[in-house]
Number of protein chains: 2
Amino acid sequence: MDPALPHSPQGTAEPTEELLPLEVEEFSDGRLRKGAETAERILNAAEELFAENGYAGTTLRDIAKRAEIRNPSIYNHFDGKENLYLAVLERGLRPMWELFQQLAIRANQGDELDLHVVDGLMDLLAEHPNLPNLMQHETLSGGDRLHARLAEWVQPMFNAAAGIVSHSPSKRWSDEQTTLLVLALYNMIAGYFTMAPMYKLISGENLLEEEMRNKQRHLLHDIIRLLFSEENTK
Amino acid sequence: MDPALPHSPQGTAEPTEELLPLEVEEFSDGRLRKGAETAERILNAAEELFAENGYAGTTLRDIAKRAEIRNPSIYNHFDGKENLYLAVLERGLRPMWELFQQLAIRANQGDELDLHVVDGLMDLLAEHPNLPNLMQHETLSGGDRLHARLAEWVQPMFNAAAGIVSHSPSKRWSDEQTTLLVLALYNMIAGYFTMAPMYKLISGENLLEEEMRNKQRHLLHDIIRLLFSEENTK
DNA sequence: CATAAAAATGAACAAGCGCTAGTTTACTTG
DNA sequence: CAAGTAAACTAGCGCTTGTTCATTTTTATG
């Protein structure tokens, strides 16, 4: 494993590192090994339950039931609840991590990206609706369970996002504001998905359905355009 | 108690109802009765712990320890964990509920309010930093524990906020967009506080300190001004 | 097809949970 | 200050939790 690395807050500007070597256990014909298949079922079940109920609110027996196994079998694939949780988090964060790495590269090449970032994020989160909730649970607990890994996982994404925003044509935002702006935009975008269950209770409408998502995408475009227009310079 | 009220989504536009009769148990000289004082200590401890660790992640023994009593004593003041949680939620939501009620009245009188709303919310949340986290935990769990009370508590605030936004001078936003805009603005504002612990891990800076809060307030003012300027009409 | 490894299982353990009962202490009030 | 009530305590019950272990069943391989 990692040698110590006690939340060192040195943030490399370019996220070019690897997240983890992702080993695929499968036959030459692409069929998964039996063990790897149930490991995946466990991860899927755990992701859904952790996202909805958090770490403490999720039982290994609940996870096992959803994965259609008896709960000691989990220990054939993961070394305890905490490690399973970390595995879920890592697998969940990977697509977001990759998206930001990719967007950051294009931002350094001078492409205008703000709208692409929004679209990319909306698509990604729509495909992985558990991701914002997992992140939010971690955020609320102060990242206690991530702590060491947090720097290497979240920090590069944040830096990439800040880089993208600071490359925008608008000269409106100072460097100081850029940081807070990234936070605000993230909360606005991810919060949409996080809010979905409660919004459904209040209004009856399902934010996760495509029609609503398109309205949200439209709104975000309008907002981004207003925030990053070249005209006004404060 | 309430007669059924199974999440009826009829939202009265003006939040003029009462939240709950708030009974104060104190002597004529203002001193709290012994019992009422420990009840308050329990509520304070529970609020902090529920906000950080959620419902499942908080034990009555933890709460008792922080309130400096033994855990069965909690039952002299609250009828079980669930009811304590609801009491925490209600006491926590009250100031926000009152703020929105007050702002909604002024909005109906035609005052321009958008910036005042932001300032009011920032001040309120700075004073009650546990509130956004409590709400967020409830949001993530799908409001399961609130469910029935949710309509009467959250719905009026949401409607008040939507009313305020739709009274803004800008003709830019359609009614449909107004709803999503309220959500986005709420997430932006409340998310700032929710993110504080993780942001501190990443950057070392404390978002809850006044200096940072003022920068955030400034940023929010800029954003609101851009979103609700009279000029541009899309 | 035999064999070893991998995976799944039932049974059960210690620890911790919400909660109750019974009793003692502290407070309030006539 | 005495009596009654409210509030705090100790002890512990029934249950669930994460985890272990010995065993059986399944899967992969020479």
Side-chain angles (χ1 to χ4, degrees), chain A residues 23-50 52-89 137 141 144-145, chain B residues 23-50 52-89 137 141 144-145:
Chain A
E23 50 195 273
V24 276
E25 304 191 51
E26 56 184 27
F27 297 102
S28 48
D29 61 354
R31 217 173 70 257
L32 278 180
R33 270 189 44 244
K34 177 75 198 305
E37 189 212 294
T38 52
E40 202 175 277
R41 279 215 316 281
I42 294 172
L43 276 174
N44 291 338
E47 180 180 305
E48 291 170 21
L49 291 169
F50 281 140
E52 186 175 339
N53 311 117
Y55 183 81
T58 303
T59 318
L60 288 182
R61 284 171 174 82
D62 288 342
I63 295 172
K65 182 172 283 180
R66 184 165 297 203
E68 295 179 294
I69 53 175
R70 254 38 92 220
N71 87 88
S73 298
I74 294 177
Y75 286 82
N76 285 326
H77 305 275
F78 301 94
D79 186 13
K81 189 184 184 185
E82 183 109 13
N83 281 312
L84 171 57
Y85 179 75
L86 285 175
V88 165
L89 231 47
H137 273 294
S141 71
D144 286 351
R145 241 163 300 274
Chain B
E23 50 195 272
V24 275
E25 303 190 53
E26 54 184 30
F27 296 103
S28 48
D29 60 356
R31 218 174 71 258
L32 279 179
R33 272 191 40 244
K34 177 78 198 303
E37 189 212 294
T38 52
E40 203 175 275
R41 279 215 317 280
I42 294 173
L43 278 174
N44 291 336
E47 181 179 304
E48 292 169 18
L49 291 168
F50 282 139
E52 185 175 340
N53 310 117
Y55 183 81
T58 302
T59 67
L60 290 182
R61 286 171 173 84
D62 288 341
I63 295 172
K65 182 171 285 181
R66 184 166 299 203
E68 295 179 294
I69 53 174
R70 253 38 90 220
N71 88 88
S73 297
I74 294 177
Y75 287 83
N76 284 327
H77 306 274
F78 301 94
D79 186 13
K81 189 184 181 183
E82 184 109 12
N83 281 311
L84 171 57
Y85 179 75
L86 286 175
V88 165
L89 232 46
H137 274 294
S141 72
D144 287 351
R145 241 162 299 273

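Given the structure is predicted, the values throughout are model-derived calculations rather than measurements. Lettering of chains follows the sequences in order, A, B, ..., and the numbering in each one begins at 1.
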Q | Atom-pair distance (NE2 on A:His77; C1' on D:dT26), nearest Å | A | 12 Å
**Q.** Which nucleotide in C:dG18, D:dT20, D:dC9 has an atom nearest any side-chain atom of B:Ile69
**A.** D:dC9
(Q) Which heavy atom of A:Arg41 sits nearest to which heavy atom of A:Glu68, and what is that distance? (A) NH2-O, 4.1 Å
Q) Within the structure, does a side-chain N or O atom of A:Arg61 lie under 4.0 Å from either OP1 or OP2 of D:dT16? A) no
Q. Whole-Å distance between D:dT17 P and A:Ile63 CD1?
A. 11 Å
Q: Specify the separation, in whole Å, of atom CG of A:Leu84 and atom P of D:dT17.
A: 15 Å
Q: Using a cut-off of strictly less than 4.0 Å, decide whether A:Thr38 has a side-chain nitrogen or oxygen near OP1 or OP2 of C:dA8.
A: yes
Q. B:Thr59 side chain N/O closer than 4.0 Å to the phosphate oxygens (OP1, OP2) of C:dG16?
A. no
Q.
Whole angstroms only, please: what is the CG-P distance between B:Leu49 and C:dG18?
A. 12 Å
Q: Go through D:dG18, C:dC19, C:dA8 for me and flag the one nearest to the A:Leu60 side chain.
A: D:dG18
Q) Under 4.0 Å between a side-chain N or O of A:Ser73 and OP1 or OP2 of C:dA7? A) no
Q: Compare the minimum distances between each of D:dT19, D:dA7, D:dT10 and the side chain of B:Asn76, then state the nucleotide with the smallest one.
A: D:dA7
Q) Are A:Thr38 and A:Asn76 close enough that some pair of their side-chain heavy atoms sits under 4.5 Å apart? A) no
Q) Starting at CZ of B:Phe78 and ending at P of D:dA7, how long is that distance when rounded to a whole Å? A) 11 Å
Q: For D:dC9, take OP1 and OP2 only and decide whether either is under 4.0 Å from a side-chain N or O of B:Arg70.
A: yes
Q: Could you state the atom-to-atom distance from CD of A:Glu68 to C1' of C:dT9 in whole Å?
A: 16 Å
Q) What is the distance, rounded to the nearest whole Å, between atom OH of A:Tyr85 and atom P of D:dT17? A) 18 Å
Q. Mind checking whether B:Asp62 and B:Asn53 have side chains closer than 4.5 Å, heavy atoms only?
A. no
Q: Measure the shortest side-chain to side-chain distance between B:Ile69 and B:Ile74 over non-hydrogen atoms and say whether it is less than 4.5 angstrom.
A: yes
Q) Which sits closer to the 5' end of DNA chain C, A:Asn71 or A:Ile74, going by the nucleotide each is nearest to? A) A:Ile74
Q. Given atom CG of B:Asp62 and atom P of C:dC17, what is their separation to the nearest angstrom?
A. 7 Å
Q) So B:Phe50 and B:Tyr55, would you call those rings parallel, tilted or perpendicular, with 30° and 60° as cut-offs? A) parallel
